[in-house]
Each structure stands twice: as C-alpha cells, then as structure tokens.
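Below is one structure, written out as structure tokens; comments come after it.
Each residue takes its place number in the sequence, starting with 1.
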Amino acid sequence: MRKALTALAITGVALLSTATPALAHNVLVSSDPAKDASVATGPSQVKLTFDQYVQNADVNQIAVTGPNGGQWAEGPVKVENNVVSAPLRALGPAGKYTVGYRILSADGHAVTGEIPFTLTTAGTGTPASVDAARSGGTGQPAGAAQPSSGGGVPIWVWIAGAVVLLAIGLTVALRTGGTKEKGQ
C-alpha cells in the first residue's frame with residue numbers, strides 16, 4: 001500500500017510539473033504598432049507576437065477601429081507560429097486607433113485584448129465598408145460558410161484523459177492487490 005501511494009505521489013508531481021507551462025494561456029509579448037505608441041504614418045499591417053504557438057484557426061481575428069468608429073483592418077489574419085498579423089488599409093483621420101484581437105492560444109482557449117495607438121498626422125485612407133469589416137476582410141459575408149481548418153485537440157483534453165486513466169489503474173491495482181489470509 002505504501003509503495004502504491006509513493007508511486008502515485010511521484011506520478012502526480014511529475015504530471016503536474018510538466019503540464020503547468022502547457023496549461024498557461026498565450027501572453028502578448030509585443031505588438032507593431034506598440035501599445036500607446038504615437039505614429040506619424042499609419043502602418044501597413046498589425047503584427048502581434050505571443051509567448052507561445054498560436055493555433056491557426058478560423059476564430060483568430062484582428063480588428064482596428066479608428067477615431068470615428070471606422071474599421072481599418074483589411075484582408076485575412078495570418079498566423080505563423082507565435083506571430084499573428086493582418087493587413088491594414090491606409091489610415092485616415094488623426095487620433096486614437098484601437099487594435100482588438102482574439103486568438104486561439106496553444107492550450108485551446110481564446111485570448112483577447114486591445115492595443116491602443118495614436119496616429120498623429122492624418123492619412124488619406126477611408127475605412128472599410130460595413131460588409132468587409134463584418135467578414136474580417138475575407139470578401140465573404142459574415143454568415144457565409146468558410147472552410148474549416150483543424151486546429152487539433154487541445155492539450156488539456158490529453159492531460160485530463162491521462163489523469164482519469166491513472167486513477168482507474170490505481171483503483172484496479174489497489175482492489176486486486178489482494179491481502180494474505182491467515183494460514184496461507
């Protein structure tokens with residue numbers, strides 16, 4: 001019995017110590033434009049760098065809202081390992097712009113955030129049309145079916161399955177371990 005409990009304790013510590021980094025949500029490390037930056041010329045794209053791999057899924061979104069509520073992101077969101085980017089239209093009026101994002105983190109959970117920046121010199125661009133803004137710049141209406149891309153099974157599902165199997169194995173081992181009867 002003591003050996004089984006020791007083995008269980010060692011297995012539990014090993015499982016939890018190796019799983020901890022995998023259970024953490026992605027964290028934004030840097031952005032271009034940077035948070036609270038003042039820029040004279042509007043960038044041609046938004047680039048977000050995270051601390052871990054970002055799953056390439058249809059739910060990844062980047063939106064850029066201008067001072068008058070106009071949408072400035074145009075085109076599909078691109079994911080390369082831990083960098084997510086989206087092209088921008090030429091920016092228009094000077095003022096505060098907000099980059100809003102939603103990505104599917106390495107552990108399968110959605111991570112959202114906002115990054116404000118200020119355009120100090122007015123540009124010549126115009127915001128995207130309402131339909132283009134709703135479709136995420138893909139050119140399809142917001143309700144249109146889009147091809148799905150398999151993002152894989154989140155890591156927490158595998159960890160939960162391993163814990164359940166460990167518990168079942170320990171239960172079976174303890175129940176069938178048998179006790180010695182007197183006289184044998």
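- Within the 3.5 Å criterion, the main-chain N or O of V27 finds a donor-acceptor partner in the side chain of D51.
- Considering only heavy atoms from C-beta on, I115 comes within 4.5 Å of L48 through its side chain.
- Counting heavy atoms from C-beta on, the side chains of S44 and L88 never come closer than 4.5 Å.
- Atom CG of residue L91 and atom OG1 of residue T121 lie 11.5 Å apart, to the nearest 0.5 angstrom.
- Within the 3.5 Å criterion, the main-chain N or O of T120 finds no donor-acceptor partner in the side chain of T118.
- The shortest side-chain heavy-atom distance between I62 and V84 falls under the 4.5 Å cut-off.
- Formation of a donor-acceptor pair under 3.5 Å by the N60 side chain with backbone atoms of Q55 is found in this model.
- Pairs passing the salt bridge (charged side-chain N to carboxylate O under 4.0 Å, His left out) check and including a residue from residues 85-99, sequence neighbours excluded, read E74-R89.
- Put simply, the side chain of D107 gets close to the backbone of H109: a donor and an acceptor are under 3.5 Å apart.
- Taking 4.5 Å as the limit, every side-chain heavy atom of S31 sits out of range of all side-chain heavy atoms of V99.
- Taken from OG1 in T112 to CZ in R102, the straight-line distance is 7.5 Å, to the nearest 0.5 Å.
- Looking at T65 and Q71, their side chains do bring a donor and an acceptor atom within 3.5 Å of each other.
- Heavy atoms only, all atoms of each residue included: P87 and P76 are closest at CD-O, 3.5 Å.
- Relative orientation of the F117 and Y97 rings is parallel, given thresholds of 30° and 60° on the angle between their planes.
- Residues V111 and S105 share a closest heavy-atom pair of CG2-CB, 3.7 Å.
- Counting only distance, with no hydrogens or angles, the side chain of N26 and the backbone of F50 share no donor-acceptor pair below 3.5 Å.
- Put simply, the side chain of D32 never gets that close to the backbone of V46: no donor and acceptor are under 3.5 Å apart.
- A heavy-atom distance below 4.5 Å is found between the side chains of K47 and V83.
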Pair Y53, N81 - check side-chain contact (heavy atoms from CB on, under 4.5 Å), show working. CA-CA 5 Å; Y53 165 81; N81 198 9; 3.6 Å; yes

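- The two atoms that bring P67 and G95 nearest to each other are CG-CA, 4.0 Å, heavy atoms only.
- Across W72 and P93, no two heavy atoms sit closer than the pair CZ2-CD, 3.9 Å.
- Looking at residues two or more places apart in sequence or on another chain, you find no side chain to side chain donor-acceptor pair (under 3.5 Å) involving K35.
- The two residues A73 and A63 have their closest heavy-atom pair at CB-CA, 4.3 Å.
- With values rounded to the nearest 0.5 angstrom, S85 atom OG is found 6.0 Å from K78 atom NZ.
- Pairing each heavy atom of A110 with each of L104, the nearest pair is N-CD1, 4.4 Å.
- Within the structure, salt bridge (charged side-chain N to carboxylate O under 4.0 Å, His left out) pairs that include any residue of residues 60-70 do not occur (at least two apart or interchain).
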